[in-house]
Amino acid sequence: MSAPVHDEGRPGPWQERAGRPGQAGQEGRPGQAGQEGRSGPAGQEGRSGPAAWPAQRRAEGPVEVPGGWQDPRPFLRGVAWLDKGRPVRADPADTMRLPWDTGERATLPIGVRLEFTTETATAVEIRYRATVPGPTDALRDLAHGFALWDRHGVVNEVFTEPAAEAVVRIALGAGEGPFHGPFTLHPPENQSPLVLGLRGIGGALAPAPPAPRWVVHGDSITEGWWSTRPAHGWPAVAGRALGWDTVNLGYAGAARGELATAEQLAGLPADVLTLAFGTNCWSRVPFSAPLMYETTRAFLELVRQGHPRTPLLLVSPLLRPDAERTPNRLGATLGALRDAMERATRDRIAAGDDRLAVLPGRDLLGPEHLADGLHPNDSGHQVLGLAVATALRRGGFGAG
């Protein structure tokens, strides 16, 4: 008997109104796509394609732009590609080959953040543009929050209303300081904010030192659904633990082993890679176990054509109680799909790929870690992020 279709790409009822459950005023993660690209703060359009971003991220020192604002580009982290100055999460030169749902989610700046240090500043101001939800927009009630973190945790949060263009000020700590950082500023994601400039109050800001670049691909779990903050999703948790620059290529409702995505990953600069897809291959687009095996083999082969020696960890699908022993329309349980994915990865390892590892996902979380039987809650994201970080360390998968 076939399982009912679970449309992972749809937000839960609580997400459509007022943020996360039990967390009044906190922002939810899903958003709307199709936002028009804009030029950068200095009136220059960012180049698209994988070669553009690494050159920009090596910019040294503060760059002044008119009005005393600093150019945000040297401070940005978590950027995969730029399209006319706007961070996007799929190659803008190769969108026609992607499924519609992947392309839609890729316009959201999931995981994009600002990282900086300072000697004397007591606050930071961010000038940005954001989409203003209309009166009938299902996401209009989601909180619009900016969260400032340091290495110890959350320093400050400021909530405001989406605006076509606005400035928000965030204190770097209590009292007079000094506050040196490094600091990480997580903007809200749902209204696709574009940072136009930033400036320190009481002193200049400097970009935080560059970190190893960790590219993570997956579905809505990787995108961070049901976490109460962008900084709480498991890739952000693991990236903080490892001290790496996390690039989040999680696509809610998608990530079904699309080979065009594998080719984009092959062309994207990365020091470490992690793949965490598969649960949508049970229901959203049903796979058989043989198809899952061959898709995994093909996906890994294409990624390896661009990253032959880059450390790569594959995380198989997490616990999903309703799917573990329930056949989908092609007769495959999630357990069978998981086994096929892990077997394909181990076969490649046995054939000589010693920079590849697999982390079985079945027992990483328990039912108590799932908010809706599928997506982790904050506790689940924390457990998963630390498990992935531990697996990367134990595998000797240091970046570089």
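Just so it is clear, the values below take in all heavy atoms, side chains as well, and ignore hydrogens, waters and symmetry mates.
Ion pairing of Arg346 with Asp339 is absent here, as no side-chain N (NZ or NE/NH1/NH2) approaches a carboxylate O to less than 4.0 Å. Arg284 and Asp101 are joined by a salt bridge, as a carboxylate oxygen and a charged side-chain nitrogen come within less than 4.0 angstrom of each other. Ion pairing between Arg89 and Glu223 holds under the 4.0 Å rule for side-chain N and carboxylate O. One finds no salt bridge joining Glu258 and Arg97 here, because no Lys/Arg side-chain nitrogen approaches an Asp/Glu carboxylate oxygen to under 4.0 Å.
In this structure, the ring-ring contact (aromatic ring centres under 6.0 Å, His included) partners of Tyr128, at least two apart in sequence or on a different chain, are His144, Phe146. Every residue two or more places apart in sequence or in another chain that forms a side-chain contact (heavy atoms from CB on, under 4.5 Å) with Glu324 is listed here: Leu319, Arg320, Leu334, Arg338, Arg362. Among residues two or more places apart in sequence or in another chain, the side chain to side chain donor-acceptor pair (under 3.5 Å) test is passed with Ser316 by Glu342. Take Glu125 and apply the side chain to side chain donor-acceptor pair (under 3.5 Å) test, not counting sequence neighbours, and it matches Arg169, Arg199. Scanning for ring-ring contact (aromatic ring centres under 6.0 Å, His included) contacts around Phe299 gives His217, Phe277, with sequence neighbours left out. Partners of Arg304 under the side chain to side chain donor-acceptor pair (under 3.5 Å) rule, at least two apart in sequence or in another chain, are Asp353.
When each of Val358, Leu314, Leu300 is tested with Arg348 by the rule side chain to side chain contact (heavy atoms under 4.5 Å, CB included), just one qualifies, namely Leu300. For the side-chain hydrogen bond (donor to acceptor under 3.5 Å, both in side chains) with Trp214, the lone residue among Asp245, Thr246, Thr274, Asp271 that qualifies is Thr274.
Side-chain atoms of Thr333 do not come within 3.5 Å of backbone N or O of Pro327 as any donor-acceptor pair. Here the side chain of His369 pairs a donor or acceptor atom with the backbone of Gly366 at under 3.5 angstrom. In terms of modelled atom types and a separation under 3.5 Å, the side chain of Arg113 and the main chain of Gly111 share a donor-acceptor contact. Side chain of Thr107 to main chain of Val88: no donor-acceptor pair is present (N/O by atom type, distance under 3.5 Å, no hydrogens or angles). Between the side chain of His381 and the backbone N or O of Trp234 there is at least one donor-acceptor pair closer than 3.5 Å. In terms of modelled atom types and a separation under 3.5 Å, the side chain of His307 and the main chain of Leu265 share a donor-acceptor contact. Judged by distance alone, the side chain of Thr102 and the main-chain N or O of Leu98 form no donor-acceptor pair under 3.5 Å. Thr184 places no side-chain N or O within donor-acceptor distance of the main-chain N or O of Glu115, the cut-off being under 3.5 Å. Side-chain N or O atoms of Asp219 include none that pairs as donor or acceptor with a backbone N or O of Ala252 at under 3.5 Å. In this structure, Asp372 contributes its side chain and His375 its backbone to a donor-acceptor pair below 3.5 Å.
Linking ILVMFWY side-chain heavy atoms closer than 4.5 Å, directly or via other members, places Ile201 and Val167 in two distinct hydrophobic clusters. Following chains of ILVMFWY side-chain contacts shorter than 4.5 Å, one cannot reach Val237 starting from Leu370, and the two form parts of different hydrophobic clusters. Hydrophobic cluster membership is shared by Leu249 and Leu259, with clusters built from Ile, Leu, Val, Met, Phe, Trp and Tyr side chains linked at under 4.5 angstrom. Both Val158 and Leu114 belong to a common hydrophobic cluster when Ile, Leu, Val, Met, Phe, Trp and Tyr are linked at side-chain heavy-atom distances under 4.5 angstrom. In the hydrophobic clustering of this structure, Leu374 groups with Val383; members are Ile, Leu, Val, Met, Phe, Trp, Tyr whose side-chain heavy atoms approach within less than 4.5 Å, directly or through other members.
When side chains are defined from C-beta on, Glu104 counts as touching Trp100, because their heavy atoms get closer than 4.5 Å. Using a 4.5 Å heavy-atom threshold, the side chains of Asn156 and Ile170 count as touching. Contact of the Ile110 side chain with the Thr222 side chain is not registered, since no non-hydrogen atoms from C-beta on lie closer than 4.5 Å. Val272 has its side chain out of reach of Val215: every pair of non-hydrogen atoms, C-beta onward, lies at least 4.5 Å apart. In this structure, the side chains of Asp354 and Ile349 stay at 4.5 Å or more apart for every pair of heavy atoms. Contact annotation: the side chain of Val124 never approaches that of Phe183 to less than 4.5 Å [non-hydrogen atoms, C-beta and beyond]. Counting heavy atoms from C-beta on, the side chains of Val388 and Leu313 come closer than 4.5 Å. Using a 4.5 Å heavy-atom cutoff, the side chains of Arg129 and Leu196 are in contact.
Expressed to the nearest 0.5 Å, how far CG of Leu312 lies from CG of Leu356 amounts to 5.5 Å. Rounding to the nearest 0.5 angstrom, the gap separating the CD atom in Glu368 from the OG atom in Ser379 is 7.5 Å. With rounding to the nearest 0.5 angstrom, the CE atom of Met292 is 11.5 Å from the CZ atom of Arg256. How far CG of Asp71 is from CG of Leu76: 8.5 Å, rounded to the nearest 0.5 Å. Considering CG of Leu337 and CG of Asn280, their distance stands at 11.5 Å, rounded to 0.5 Å. Leu318 contributes atom CG, which lies 5.5 Å from atom CG of Leu365 (distance to the nearest 0.5 angstrom).
The two atoms that bring Ala171 and Ala123 nearest to each other are CA-CB, 3.9 Å, heavy atoms only. Nearest heavy atom pair, residue Pro321 against residue Gly373, reads CD-O, 3.4 Å. When every heavy atom of Ala166 is checked against every heavy atom of Ala163, the shortest pair comes out as CB-CB, 3.7 Å. Taking both residues in full, the closest heavy atoms of Trp282 and Thr326 are given as NE1-O, 2.9 Å, listed atom of the first, atom of the second, then distance. What you find for Thr310 and Ala270 is that their closest heavy atoms are CG2-O, 3.9 Å. For the residue pair Ala121 and Gly203, the shortest heavy atom distance occurs at CB-O, 3.6 Å.
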Please assess His180 against Thr117 for the test side-chain contact (heavy atoms from CB on, under 4.5 Å), listing each intermediate value before the final yes or no. CA-CA 6 Å; His180 299 306; Thr117 62; over 6 Å; no
For side-chain contact (heavy atoms from CB on, under 4.5 Å), just list the numbers for Val247 and Val79, CA-CA rounded to whole Å, side-chain angles, deciding distance to a tenth of an Å, and then say yes or no. CA-CA 6 Å; Val247 179; Val79 176; over 6 Å; no
Take Arg86 and Leu82 through the side-chain contact (heavy atoms from CB on, under 4.5 Å) test and state the conclusion after the steps. CA-CA 5 Å; Arg86 180 181 291 275; Leu82 291 173; over 6 Å; no
Intermediate values then yes/no, side-chain contact (heavy atoms from CB on, under 4.5 Å), Leu268 and Arg213: CA-CA 10 Å; Leu268 191 64; Arg213 184 174 165 87; 3.8 Å; yes
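No side-chain donor-acceptor contact under 3.5 Å links Ser283 and Asn328.
By the neighbour-count criterion of 12 heavy atoms within 6.0 Å, atom CZ of Arg325 is sparsely surrounded, having that number or fewer from other residues, nucleotides or ligands.
Both tests hold for Arg240 against Trp149: distance to the six-membered ring centre under 6.0 Å, angle to the ring axis within 45°.
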